[in-house]
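Remarks on the structure that follows.
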Amino acid sequence: MPKNLVIVESPAKAKTIARYLGKDFAVMSSFGHIRDLPKKDIGVDVSNGFKPTYQISQDKEKVAAELRKASKSATVWLASDEDREGEAIAWHVCAVLDIDPEKTKRIVFHEITEPAITAAVANPRTIDLKLVHAQQARRILDRLVGYELSPVLWKKVRTGLSAGRVQSVAVRLIVEREREIKDFKHASSFKVSAVFNAGGHNLEAELEKKLRNTKNAREFLLSANKATFQVDDIVQKPGSRSPGAPFTTSTLQQEASRRLGYSVRQTMTVAQKLYEHGHITYMRTDSTNLSQLAVNAAKEYVVATYGEKYSRPTQYKTKSKSAQQAHEAIRPTHFNKPSAGTDSGQKKLYELIWRRALASQMTPASVQRTEATIAMSDRTDKFIATGEILVFDGYFKVYGGGKDDKILPSIEKGQQLPLKSMEALETFTRPASRYSEASLVKKLEELGIGRPSTYAPTIGTIQDRGYIEKKDLDGEPRKVNQLVLKNGKVDELSQMSTVGADKSKLLPTQLAEVVTDFLVKNFASVIDYDFTANAEGELDDIADGKLTWKEMLDKFYKHFHPLIKKSENVSRAEASQERKLGKDPKSGKNVFVRYGRYGPVLQLGEAPKDKKDKEAPKPHFAPLPEGTTLDDVTLMQAIPMFALPRIVGNTLKDEEITTNIGRFGPYLKVGSAFISLKEHDPLKISEAEARKVIISKQKADSKKLLADYGEVQVLNGPYGPYVTDGKINVKIPKATDPKKITEKDALKLLANPPRKKRR
DNA sequence: CAGTGAGCGAGCTTCCGCTTGACTT
């Protein structure tokens, strides 16, 4: 057994470090945090100085046992990351290994190289308890917010919901953006473009100002028809384009989404693989810093491949507010490998990382911009023509900059320019764009909310909870006007274009709107966009010893907990946004809409006042018609919905056919069988159409049945063959032929049903 | 595959941040 045990956070890191440390050192990994607050209980004794109860996380029992065993006869070196969480990990490891945090060797290194590690081992310190306390305050604050806020939602809105410092703000951003888009008033104006004859060559130019409406555009084109044009001025401006900093988690997610179409999660999974194979440095980072070794390696590669004048070694300042600088930027471990990875997904991402990191160490590209101003007789309006040529490609050699040169024909000041053609095209102002996964991450990072390791999981959570949906939008057609000057006359044309089409954008559900409205109204300060930034300031004070963690939590809780108490008085009707639509003319009963247990619901009549009164008439519930929402559905739209469930007629065997809309959409019911309605409206479908639907479903079902043993059946489902007894379904293993399953086999499979996962 | 909205009511849900597999779909 080695005399020394070094503990790091990641097993991949452990492997590399072990190579540098030699035989006297064993290197093991804690796999991140190994202790945490209990999952089931709040785990914080608020009345006892916020005393936390920590326990070894369920999935870390094995790791903890192995670390204990290995540490028995060895000196322990704690080498977790140098940030708040890393310091806390080291402290928790001490607790688990039963060693004194104030006497234990704590080491840190920012790059995994032999000299860095040797230097770290030569200069151990002890655990910084102030930093640990800052982490503890962060952890407890998040627990208090999450575990006191969520139950309020269970009571007032719907069971199983969640709220938290990060996710609730993410949802709020999306809800508010969608409302902005909905309320946006499009303004239109006309953009005028002209083509002039410049010594036999075409010169394209645009009118500097935009024209307000069709009338102005028409007038302008007519006056241009009579006018003469000449070159007023030519200005040449040199410009340069600088490369971006090497990737952080957030910028990698944005670029992988933009250039490769990867989801945030996909990017992280692929990057993890590249990291594990040693192709890239750690992928969860908010630092743009490169090690000196990396800067040198990049320089060497650039000089050798592209020449001296392309090389410019640079360190980039980290922009992120909450950056903790425990890691480097994401970069290739070997700059001399332009390609790495085992499949095309990995190769593409690696190449992107390699190009970006290399480009960051290259010179800016320089361009020459030419701007010509064209004057018009009788009017002060000016046309502008611009050209741009690339003078030196610089970092464009490896990253971006695929644009073609736009060269102006040679012209000189005072030159007359005969007009060849002119047109005015209607353009529209646009609202802010919807968030994609990647742009949401960018926004959260700007607000200092969330950390690199949580961006992908947060996006998963808000979708799993039913707050956000990732969708493609078709958009709507819109008429666009165009005025063309032709033979001294103005022709008015119009064409259709699509507005509002969008791909893979995050859209709020009605649940998200209801929950966000509730939280903003009752807990404004906690889901404020600045809440995290302010808390971070206080956490820094704790780390600096200017504030104790208990003082910070005390101040927060004195403000927060009364809000929880106060929210108990909010009625369910208010929280569910209940709205009276009016009276049903037939029955005279009131019609309401509100967010019910299973989503938006229409209600005809009131619930009985005395809950025990069994004789009292019950309200009639119905779903909202398609395309309507809680806040825009009208009485006229609502009333027809109460015709559901609707009796359509009978089958030839005289069974009753009814239709309704359920959780999974419109359906038809005959006997005890349910059939989804895809093309028909449950309010309108005729008896004859319904019979057709039933027959085609029966046909499909007969193909589905592979074997029928009475008690048990073998069926072909959408996810492959399975056996069922009507209650439990068990998938048939891939290796077995479903046609050869006997009754005995089926019963055996059903005897061991897989444990149910909650949705 | 599943097809509610009250009812009787027990038992459950939930946070953020650090790390990988084991496991479905």
Side-chain angles (χ1 to χ4, degrees), chain A residues 8-14 29-37 39-44 57 59-60 63 80-81 83-86 88-89 92 135 138-154 158-168 269 272 275-276 282 284 324 326 449-455 457-458 461 465 532 594-603 607-608 611-614 616 618-623 645 660-669 672-676 715 717-720 722 724 726-729 731 754-755 757-759:
Chain A
V8 295
E9 290 180 38
S10 142
K13 205 169 166 179
S29 160
S30 73
F31 293 82
H33 274 294
I34 61 169
R35 270 200 340 169
D36 192 14
L37 297 170
K39 241 180 132 65
K40 283 202 100 164
D41 186 50
I42 195 155
V44 178
S57 313
D59 55 334
K60 300 294 164 54
V63 177
S80 44
D81 298 342
D83 58 17
R84 205 160 63 205
E85 297 296 329
I89 287 172
H92 280 301
Q135 191 275 347
R138 196 281 303 157
R139 179 69 190 94
I140 293 172
L141 176 88
D142 282 335
R143 173 52 69 95
L144 291 173
V145 171
Y147 275 42
E148 289 202 2
L149 219 43
S150 302
V152 174
L153 295 180
W154 304 343
R158 180 162 118 182
T159 151
L161 293 176
S162 64
R165 174 175 61 81
V166 174
Q167 60 170 286
S168 296
T269 313
Q272 173 88 30
Y275 166 67
E276 282 168 15
Y282 198 59
R284 290 186 275 262
Q324 297 187 1
I449 299 172
R451 307 275 319 131
S453 71
T454 62
Y455 296 140
T458 299
T461 302
R465 299 273 179 274
T532 293
R594 67 185 161 87
Y595 195 90
R597 259 175 70 188
Y598 299 94
V601 65
L602 294 167
Q603 184 181 327
K611 287 195 174 174
K612 295 206 179 94
D613 183 2
K614 299 258 157 84
K618 282 141 201 171
H620 186 165
F621 298 97
N660 202 354
I661 298 175
R663 187 142 89 84
F664 307 97
Y667 68 94
L668 178 156
K669 191 177 173 196
S672 60
F674 294 88
I675 305 169
S676 285
L715 298 169
Y719 302 128
Y722 65 101
T724 181
K727 276 184 194 157
I728 306 168
N729 306 322
K731 209 173 156 174
R755 60 197 160 77
K757 279 186 93 175
R758 35 175 224 91
R759 53 172 218 102

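Just so we're on the same page: letters track the sequence lines, and every chain starts at 1.
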How far, in whole Å, is B:dT24 from B:dC1 if one measures between their C1' atoms? 16 Å
Contacts of A:Tyr147 that satisfy side chain to side chain donor-acceptor pair (under 3.5 Å) - sequence neighbours left out: none
Go through it in stages, so that I can follow the logic: the residues are A:Asp81 and A:Lys13, the test is side-chain contact (heavy atoms from CB on, under 4.5 Å), and I'd like the CA-CA distance, side-chain angles, deciding distance and then a yes or no. CA-CA 11 Å; A:Asp81 298 342; A:Lys13 205 169 166 179; 3.0 Å; yes
Looking only at side-chain N and O atoms, does A:Arg165 come under 4.0 Å of OP1 or OP2 in B:dG17? yes
Between CG of A:Asp142 and C1' of B:dC15 the distance, given in whole Å, is 6 Å
Using OP1 and OP2 only, check whether a side-chain N or O of A:Ser150 sits under 4.0 Å from B:dT13. no
Sugar-phosphate, base or nothing in reach of A:Gly164, heavy atoms under 4.0 Å: sugar-phosphate
Using whole Å, report how far CZ of A:Arg84 lies from P of B:dC18. 8 Å
Over all strands shown, is A:Gly86 touching base, sugar-phosphate only, or nothing at heavy-atom distances under 4.0 angstrom? nothing
Pick base, sugar-phosphate or nothing for A:Thr461, based on heavy-atom distances below 4.0 Å to the nucleic acid. sugar-phosphate
Pick base, sugar-phosphate or nothing for A:Ala163, based on heavy-atom distances below 4.0 Å to the nucleic acid. sugar-phosphate
Take atom CZ of A:Arg465 and atom P of B:dT13, then tell me their distance rounded to the nearest Å. 11 Å
How many whole angstroms separate atom NZ of A:Lys669 from atom P of B:dG3? 9 Å
State the dot-bracket string of DNA chain B. Criteria: Watson-Crick or G-U wobble, both atom distances under 3.5 angstrom; notation: ( ) intrastrand, [ ] crossing earlier pairs, | interstrand, . unpaired. .........................
By centroid distance (under 5.5 Å) and plane angle (under 30°), are A:Phe31 and B:dC18 in a stacked arrangement? no
Is there a side-chain contact between A:Arg138 and A:Arg165 in this structure, where contact means two heavy atoms from C-beta onward sitting under 4.5 Å apart? yes
May I ask you to say what A:Lys13 touches in the nucleic acid, namely base, sugar-phosphate or nothing, with a heavy-atom cut-off under 4.0 Å? nothing
Contact class for A:Tyr595 (heavy atom, under 4.0 Å): base, sugar-phosphate, or nothing? nothing
How far apart are the closest heavy atoms of A:Val166 and A:Gly450, and which atoms are they? CG2-N, 4.0 Å
Distance check: side-chain N/O of A:Arg284 vs OP1/OP2 of B:dT19, anything under 4.0 Å? yes
I'd like to know if the side chain of A:Ser676 and the backbone of A:Tyr667 have a donor-acceptor N/O pair within less than 3.5 Å. no
Base, sugar-phosphate, or nothing for A:Leu149, non-hydrogen atoms under 4.0 angstrom? nothing
Between B:dG5 and A:Gln603, is there an OP1 or OP2 to side-chain N/O distance shorter than 4.0 Å? no
Quick one: label A:Val601 by what it contacts on the DNA or RNA (base, sugar-phosphate, nothing), any heavy atom closer than 4.0 Å. base
Quick one: is A:Thr454 getting a side-chain N or O under 4.0 Å of the B:dG17 phosphate, OP1 or OP2? yes
Given atom CZ of A:Arg594 and atom C1' of B:dT4, what is their separation to the nearest angstrom? 12 Å
Give A:Pro457 one of three labels, base, sugar-phosphate or nothing, depending on what nucleic acid heavy atoms sit under 4.0 Å from its own. nothing
With heavy atoms under 4.0 Å as the rule, sort A:Ser80 into base, sugar-phosphate or nothing. nothing
Remember a base hit wins even if backbone is also touched, and classify A:Arg143 as base, sugar-phosphate or nothing at under 4.0 Å, heavy atoms. base
Would you mind reporting whether A:Glu85 and A:Arg139 have side-chain heavy atoms less than 4.5 Å apart? no
Short side-chain N/O contact from A:Gln135 to OP1 or OP2 of B:dG17, under 4.0 Å: no
For a quick test of reading the model, state the closest non-hydrogen atom pair linking A:Ser80 to A:Gly86 and the distance between them. OG-O, 2.7 Å
Derivation and outcome, side-chain contact (heavy atoms from CB on, under 4.5 Å), residues A:Ile42 and A:Glu148: CA-CA 9 Å; A:Ile42 195 155; A:Glu148 289 202 2; 4.1 Å; yes
With respect to the phosphate group of B:dC12, does any side-chain polar atom (N or O) of A:Thr159 fall under 4.0 Å of OP1 or OP2? no
Short side-chain to backbone donor-acceptor contact, A:Lys60 and A:Phe31, under 3.5 Å: yes
Phosphate contact (B:dC15 OP1 or OP2) by A:Ser162 side-chain N/O below 4.0 Å: yes
According to the 5.5 Å centroid and 30° plane-angle thresholds, does A:Tyr147 stack upon the nucleobase of B:dT14? yes
When you measure from the side-chain N and O atoms of A:Arg451 to the phosphate of B:dT19, is any distance below 4.0 Å, counting only OP1 and OP2? no
